[in-house]
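Here's the structure we're looking at; comments come further down.
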Amino acid sequence: MKILYFAWLKTKLQMTEETLPWSEERPDTDSLVRWMKSRGPAFAEVFSDLEVVRIAVNQEYIVGNTALNENDEIAFFPPVTGG
Amino acid sequence: MIRVQREIFDVGAEMAALTKGRTDIGAVVSFTGLVRDFNDGSAVTGFSLEHYPGMTERELAKIETEAKARWDLQASLIIHRYGDMALGEPIVLVVTASSHRQDAFDAANFLMDWLKTKAPFWKMEKGEDGETSWVKERQTDIDAAKRWSADSQE
């Protein structure tokens, strides 16, 4: 799974993208977020308030918990501020 | 038509190109967003826009398709820039063309409201002290998008 981070999430995690193998430990977006929180202080902080984190799977906003596959592209980013 | 680009654009040239050779268009509305030198009462000295290549184009195309379904549009154009921009430069252009003005006005308004809450762009500003900060979303933008339907991204 390809994981992308944008805007302040990228700044705080000091990472733009990474690759994670699919795992039974994180088969969907809810469990992936729980797993992210357990990775260390920076991750715990970034994922502490999910009101300000948007999630897209394969470049589409998700609606509710979403199942994940090995080839998925998962993006985490703050509310958008373009225009 | 959707364009996501680093380069600056010329509003007049874009509008002329969109309507060139057309005699069925009776009304053209354009909106241009510019880089301001202030935000929330603080001075802004530098500006940059990040985006999510791929998803940006998909979201803009969806928004444009929705506008065409809701209003009678002969043509439309969305240009959104990314990267570093100077104060006063254009960021975004929305052009809508219709046989009558009301559809063009409403569609342009809708395109901007939905774009601001759905298209994956993030503004970064530099303050007077040289520090950079990510711009926060505005409740007024969320409210503006909601008036078009419950389908808008929260």
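All of these numbers come straight from a predicted model, not from anything done at the bench. Order of the sequence lines fixes the chain letters, A, B, ..., with proteins taken first and strands second; residue numbering starts at 1 for each chain.
- For Glu128(B), the CD atom is loosely surrounded, since the number of other residues' heavy atoms within 6.0 Å does not exceed 12.
- When atom types are taken as modelled, the side chain of Glu50(B) and the backbone of Ala7(A) share a donor-acceptor pair closer than 3.5 angstrom.
- The shortest heavy-atom contact between Gly83(A) and His80(B) is N-NE2, 2.9 Å.
- Only the backbone of Lys136(B) comes within contact range of chain A, judged by heavy atoms closer than 4.5 Å.
- Criterion: ILVMFWY side-chain heavy atoms under 4.5 Å apart, direct or through other members. Under it, Val11(B) and Ile2(B) are not part of a common hydrophobic cluster.
- Side chains of Lys62(B) and Glu60(A) form a contact here, defined as non-hydrogen atoms less than 4.5 Å apart.
- The minimum heavy-atom distance between Thr11(A) and Trp134(B), with the atom names listed, is OG1-NE1, 3.1 Å.
- In terms of hydrophobic clustering, with Ile, Leu, Val, Met, Phe, Trp and Tyr side chains grouped at heavy-atom distances under 4.5 Å, Val135(B) and Met112(B) are assigned to different clusters.
- The shortest distance between side-chain heavy atoms of Trp122(B) and Thr81(A) falls below 4.5 Å.
- Between Tyr52(B) and Phe6(A), the ring-plane angle classifies as tilted under the 30° and 60° cut-offs.
- A single hydrophobic cluster is seen to contain both Met85(B) and Val94(B), as judged by linkage of ILVMFWY side chains at heavy-atom distances under 4.5 Å, directly or through other members.
- Cluster membership for Met124(B) and Leu4(A), using ILVMFWY side-chain heavy atoms within less than 4.5 angstrom, is shared.
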Quiz item: Stepwise, does the side-chain contact (heavy atoms from CB on, under 4.5 Å) test hold for Met55(B) with Phe77(A)?
Solution: CA-CA 12 Å; Met55(B) 183 169 174; Phe77(A) 51 80; 4.1 Å; yes
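- The number of heavy atoms from other shown groups lying within 6.0 Å of CD (Glu70(A)) is above 12.
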